[in-house]
Amino acid sequence: MKFKAFLTDHGVNLLEKRFLQALDKMGKVCHLYLTRDHAIFLHNLLNGDGIQSIAQFRKEALFEDYRISSQNDDRIAFTIDLSLLHRALRSIVTIYTEFGGSHSSDAGSPTLNRLQIKLVKKLPPHSQQPMPFLTFETKGYKSAVIQDVPISKPLSRSDVLELQAALDMAQDLPRTLVQVPDMNQLQNFVDRMKHVGDVLSVSISRYGDLHLQISTSLITLGAEFRKLLVIGEQAQVPAGDDNLSAQSRTRRAIERGDAMSVQVSVKHFFKSLQCHLAKPDCAFYGIGQQGSCLTVVFQFFVPGTRQTDKSISLHCRLPVLDPGTN
């Protein structure tokens, strides 16, 4: 199997300045799944523990001269330590920037400095067994600098098929999604909440309401975001509901079948908010069918527009807790 490509400046910026630090907050180790058209970072899709996060990039968003081949339908997957990947990329980018632009060779022709990424096998020091690495290489006028990131042995054909099946299943979106345009409000609220208790109740209605509540034997703390943009199944707010308290309104919506409620870990919810480091423009929240999970979809706009950047996607699925957990 072979993989080789050149990172574009835009791709370097996306990974080094935004996504790697956000994904590292989800979990130190993830799968990197490379296909003919996409590079995908996946957390917890195979073990089912903790938050599942999926960051998917079209190859053009990160790379140029993208080449991949394997006997598994040109698909390669392996696990990688995100902190090591981020550190190596940051280090090589510093040198890449110092080399900068293009340089004239001895013959007088310009030598363009490019940042290459590829899969290699190398013999580590004090080892007799070659090991796989994801390698960054940048070439200057008279020197080349290489950064190696150790990776797992690439997944077998059956494991890749299992990963692809889990990815396909994780792409199912809730029937109702509500948009939260200001992530800072949520962040500030959860910053206060995380010191109160461990379990967060999340209710989402087809009217565009998002209700959060944390309760202990001593205190109940809640927040409500109303009249949010709804994507998918929606409904009109019944007459008279505006005069009710948030809790009563939510309870009635659930009884009518116009809302769903789940309980999630405060720690998981807080962790999912760390995706703001990837600089999304807004987020959508929804509850899976039969209350299977809480889904957060982050949206990115093409710079300078309000159009969705379809070359990038990021979403998380938070596992729900047993209602008796508290």
Side-chain angles (χ1 to χ4, degrees), residues 51-52 172-276 280-299 306 315-326:
I51 297 179
Q52 292 184 344
D172 286 343
L173 293 178
R175 291 178 178 173
T176 297
L177 289 164
V178 296
Q179 181 186 24
V180 179
D182 187 355
M183 296 292 292
N184 288 328
Q185 281 183 289
L186 268 183
Q187 187 90 38
N188 293 336
F189 178 67
V190 177
D191 274 342
R192 298 196 305 273
M193 280 184 128
K194 65 181 181 179
H195 303 296
V196 174
D198 300 324
V199 178
L200 177 68
S201 293
V202 181
S203 304
I204 295 172
S205 79
R206 294 176 185 171
Y207 318 139
D209 297 341
L210 170 65
H211 186 253
L212 308 174
Q213 183 173 299
I214 189 164
S215 299
T216 69
S217 57
L218 298 174
I219 188 172
T220 295
L221 188 62
E224 187 181 40
F225 302 85
R226 298 201 64 201
K227 299 179 181 176
L228 302 172
L229 173 69
V230 178
I231 290 182
E233 294 182 1
Q234 47 194 289
Q236 292 293 321
V237 180
D241 269 22
D242 282 337
N243 301 320
L244 299 174
S245 69
Q247 286 176 308
S248 298
R249 196 164 45 245
T250 298
R251 187 176 63 251
R252 284 197 179 187
I254 292 171
E255 289 169 355
R256 292 188 193 104
D258 285 340
M260 293 180 72
S261 183
V262 292
Q263 291 187 333
V264 297
S265 157
V266 172
K267 186 170 73 171
H268 285 164
F269 195 89
F270 179 75
K271 192 180 280 190
S272 71
L273 289 176
Q274 302 310 300
C275 286
H276 80 276
D281 292 286
C282 58
F284 292 86
Y285 283 78
I287 295 173
Q289 293 187 44
Q290 282 87 48
S292 56
C293 64
L294 176 66
T295 298
V296 192
V297 181
F298 297 94
Q299 186 178 33
R306 298 285 295 177
H315 74 275
C316 301
R317 287 158 52 105
L318 284 63
V320 299
L321 303 173
D322 186 300
T325 305
N326 217 327

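Because the structure is a prediction, the values reported are computed rather than measured.
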Close side-chain approach of [X] to [Y], heavy-atom, < 4.5 Å:
| X | Y | result |
| --- | --- | --- |
| Val202 | Tyr285 | no |
| Val178 | Asp209 | no |
| Gln187 | Phe270 | yes |
| Pro238 | Arg256 | yes |
| Phe269 | Val296 | no |
| Thr220 | Gln213 | yes |
| Ser272 | Leu318 | yes |
| Phe189 | Leu221 | yes |

Does Ser205 use its side chain to pair, donor to acceptor, with the backbone of Asp258 at less than 3.5 Å? no
When you measure from the side chain of Arg249 to the backbone N and O of Leu244, does any donor-acceptor pair fall under 3.5 Å?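 Checking the backbone N and O of Leu244 against the side chain of Arg249, a donor-acceptor pair under 3.5 Å is found.
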Could you tell me the separation between the [atom1] atom of [X] and the [atom2] atom of [Y], rounded to the nearest 0.5 Å?
| X | Y | atom1 | atom2 | answer |
| --- | --- | --- | --- | --- |
| Leu321 | Gln263 | CG | CD | 6.5 Å |
| Leu228 | Phe284 | CG | CZ | 10.0 Å |
| His276 | Leu186 | NE2 | CG | 12.0 Å |
| Thr250 | Met260 | OG1 | CE | 14.0 Å |
| Arg206 | Leu177 | CZ | CG | 12.5 Å |
| Ile287 | Cys293 | CD1 | SG | 9.0 Å |

Set out, in order, the CA-CA distance, both residues' side-chain angles and the distance that settles side-chain contact (heavy atoms from CB on, under 4.5 Å) for Thr176 and Glu233, then state yes or no. CA-CA 5 Å; Thr176 297; Glu233 294 182 1; 3.5 Å; yes
If I compare all heavy atoms of [X] with all of [Y], which pair ends up nearest, and what's the gap?
| X | Y | result |
| --- | --- | --- |
| Ser203 | Ser261 | OG-OG, 3.0 Å |
| Tyr207 | Ala235 | CD2-O, 3.5 Å |
| Val199 | Ile214 | O-CG1, 3.2 Å |
| Phe225 | Gln185 | CE2-CB, 3.9 Å |
| Pro280 | Cys275 | CD-O, 3.4 Å |

Kindly write out the residues that satisfy side-chain hydrogen bond (donor to acceptor under 3.5 Å, both in side chains) with Ser292, not counting sequence neighbours, or none if the list is empty. none
Is the CG atom of Asp198 crowded by more than 12 outside heavy atoms at less than 6.0 Å? no
Has Arg226 got more than 12 heavy atoms of other residues, nucleotides or ligands less than 6.0 Å from its CZ? yes
